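Before any comments, here is the structure.
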Amino acid sequence: MSAPGQIEPTELIARARAGDTAAWGDLYKEYAPAIFRFCRRAMPTREDAEDATMEVFMKLRNKLSQYDQSRSFTAWLYKVAANHCWDMLRRRKIRQDREIGEIEDMPLEAPEPNQLEKLIEERSSEEVRKALEKLGVRARMALVMRYYSDMSYDEIADALGVRRAFVGVVLLRARHELRQALGDTPVLAVGGTR
Amino acid sequence: MSEQELATNKHLNEITLLMYVERQLDRASAQEVSLHTQTCTRCMNLLRALDRESRLLTRAMLEQDEPLPARLANFQIMVRRSMNWVWGVIFGLAVMGVYALYTGYIEPMEHQFEQAGFGGANLLSLLLFQGAFWKGWQSMFTLFQAIALAVLLGLVVFAFRKYIKRGSALAMMFASLGLIGAFSSPVSATEFRKGDTVEVKKSETVEGDIFMSGQNLRVAGTVDGDVYAFGQQVDVSGHILGDLICFAQSARVSGQVDGNIRSFTNNITVSGEVERNVTAFGEVLNLDSNGKIGRSMTVFGQSIAVDGKVGHDFLGFFAQATISGMIGGSLVGKGESLSITGSAEIDGKTSFEGDKQPNVSSDAKLASPLEYKKMEHKSAERGLRYHIWSIIWGAAYILFGLVLFGVMPKFANEVVDAAENIGASFGLGVLVLPGVFIAAFISCILIVGMFVGISALLLWGIAMLSSEIVVGVLIGRWIMGRTGDFWPMIGRMAVGIILLTVVTHIPWIGPWARLAVFLWGMGAIALGLYRRLQPVLAPNIPSMPMGPMGTPLPPTTTVGAAS
């Protein structure tokens with residue numbers, strides 16, 4: 001995948017768009033690892049992630065002609081992947097009822113800063129990834145979209161089908177779920193709110 | 001967040017701080033948060049903790065903790081695998097079609113023929129349904145049953161693959177195979193013998209099938225099963241209760257074979273007795289005067305001599321053939337020359353298509369006068385009219401292609417793109433071309449009904465016609481370059497079709513080239529359809545990028561206000 005700040009392989013993309021199968025193969029090799037990681041974080045199982053990656057690229061092949069080359073290909077690709085993963089999850093109806101509840105009604109207690117610092121200090125990346133797997137699909141999806149693919153609030157709102165104003169709440173709730181999954185929620189939820 | 005809220009000594013709530021970290025606050029609110037956190041240690045600490053949490057999340061997400069699975073490592077393999085289910089379905093359809101065709105029509109017809117005393121040695125049944133070179137049609141039928149079961153099993157596993165882990169799917173498959181094996185009828189033991197000289201001695205009896213390989217292979221004793229012989233010299237003087245399947249330079253059968261002989265030999269002589277059929281491919285094929293074949297004889301060879309007795313029909317493709325013996329059924333021959341000597345007796349119809357008028361002795365006993373047809377060498381007779389029609393057909397193809405590209409340009413282009421994937425297109429074509437036809441045929445007479453069947457046959461025919469156009473466009477595009485405009489595309493198509501027309505009219509190569517074009521084009525159409533029928537993306541799929549975003553690392557790592 002193109003590293004941050006690097007120029008995207010525009011020539012490769014143009015050739016792939018024109019139907020050059022070799023260019024398409026190169027494009028796949030370039031972007032498949034990143035899209036697989038994205039899907040791995042977003043989907044419940046490794047097999048699902050593999051299937052999703054393949055399907056994303058199959059769709060991408062058909063949709064490539066719609067891509068506007070004046071924009072970022074990476075962003076567009078993540079957007080397609082996010083939509084696809086969320087669509088798969090939604091179709092499977094594995095979201096739990098609590099996740100489609102009223103976002104406005106969710107009371108959230110702020111964590112105690114020192115406890116939160118301690119938790120972050122003690123937890124490794126691997127533990128975070130394992131904790132992510134325990135989250136509800138929308139919470140996980142929101143975190144992946146924001147912190148893996150750096151999607152904007154507008155894009156996340158669009159993908160998840162919520163109002164933009166609620167994206168922050170969705171992310172905050174996801175963080176709370178994550179902290180809970182990481183293990184110390186009762187201690188953390190002692191801070192005051194206004 | 002209101003000013004009044006900030007003016008109090010209460011702490012900021014977490015969502016406000018998160019929005020600040022995420023740079024989602026407007027400038028004024030961000031400045032207020034900034035001011036507050038300068039004086040409120042707790043809020044500053046929480047802000048920092050949230051920021052660190054963002055960093056931890058990003059790091060955890062972006063870390064390359066596992067390599068790309070082998071399944072995804074190669075795009076070509078991925079495409080091939082994603083096509084597996086299409087292949088499976090088509091192959092399954094074809095197998096089930098053949099199965100239904102056999103059980104519904106061929107088998108009852110065979111029974112009727114047998115009851116009526118016919119040998120069933122017509123060309124179709126000989127080549128298609130009795131030509132299985134392992135063990136006759138019954139074995140082929142069993143094989144098809146096994147394949148159909150395996151395909152169905154594969155489809156079931158595929159259908160439930162989302163719900164079962166791969167390991168358990170595999171276990172289930174093996175368990176099912178085990179069950180099938182457990183319920184299968186027991187198979188007699190098979191013996192393998194190998195060496196320079198391999199022999200079943202005169203006093204010996206082999207129970208079950210035997211595989212023999214070596215220089216000299218002899219069966220002098222008794223084999224209560226089939227004999228599979230792979231060697232230089234094969235000599236059968238004993239008794240085979242099953243079939244003889246023989247790959248050899250030279251073979252001689254002077255003993256008795258209760259089943260069939262299927263031979264691929266340079267030369268074979270049968271001087272013994274074969275109770276059922278003989279199918280032989282080779283250069284020299286002799287049925288000795290003592291030789292006797294209970295049913296039919298089918299031969300493909302250069303020099304054929306029939307001095308013995310054939311119970312039913314004789315079918316031969318040869319350079320020269322001499323018939324001196326007795327044929328209980330009809331004789332159908334095609335080749336250069338045929339001689340029927342005075343000692344010959346043919347009880348059925350005699351027909352020959354060849355270069356020379358057959359030489360028939362006046363003493364020969366023929367049930368009906370010989371029908372002779374001079375073999376037409378079409379390539380030599382191609383005159384002006386033929387070439388004019390070729391040009392007309394070429395023009396018709398171009399016109400048809402023009403209509404296709406005019407009516408559905410997008411799909412037509414997608415199909416041509418699919419044709420560039422030669423391997424997948426060709427492979428799919430091999431399955432689709434016969435598979436769809438058989439399925440449609442079965443639908444016509446068996447399952448779905450006449451309307452569906454005829455519609456499918458019609459579409460199949462249109463696809464056959466279109467396949468040449470697809471390949472023509474692709475070839476034109478390769479020669480003249482890619483274009484998105486309509487008329488240049490038609491120009492490329494015309495060039496491609498003209499080239500194809502020329503190639504497909506070359507003697508010997510032409511028919512094969514045409515077949516390849518059909519397979520390739522048909523496969524490309526199937527591939528294009530497959531891609532088109534892929535499930536659509538969520539309704540909010542972007543038709544264009546939503547905004548510049550080339551940096552996977554989020555800008556949330558710095559505490560600051562949005563501008």
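For clarity, every value in this text was computed on a predicted model and none was experimentally measured. Here is how names work: the chains are called A, B, and so on, in the same order as the sequence lines, proteins then strands, and each is numbered from 1.
- When heavy atoms are compared at a cutoff of 4.5 Å, A:Val56 does not approach chain B at all.
- Side-chain atoms of A:Arg140 come within 3.5 Å of backbone N or O of A:Ala42 as a donor-acceptor pair.
- Remark: side-chain polar atoms of B:Asp51 are not paired, donor with acceptor, to backbone N or O of B:Leu47 under 3.5 angstrom.
- Chain A forms more heavy-atom pairs under 4.5 Å with one residue of B:Arg59, B:Met44, B:Glu63 than with any other, namely B:Glu63.
- Within 6.0 Å of CD in A:Glu126 there are 12 or fewer heavy atoms belonging to other residues, nucleotides or ligands.
- Note on B:Asn45, B:Leu17, B:Leu18, B:Val416: by heavy-atom pairs under 4.5 Å with chain A, the leading option is B:Leu18.
- A distance-only check finds no donor-acceptor pair linking the side chain of A:Tyr78 to the backbone of A:Met151 [under 3.5 Å].
- Taking the six-membered ring where tryptophan is involved, the planes of A:Tyr67 and A:Trp76 are tilted, since the angle between them lies from 30° to 60°.
- Using a 4.5 Å cut-off between heavy atoms, B:Glu53 contacts chain A through both its backbone and its side chain.
- Heavy-atom distances place both the backbone and the side chain of B:Leu50 under 4.5 Å from chain A.
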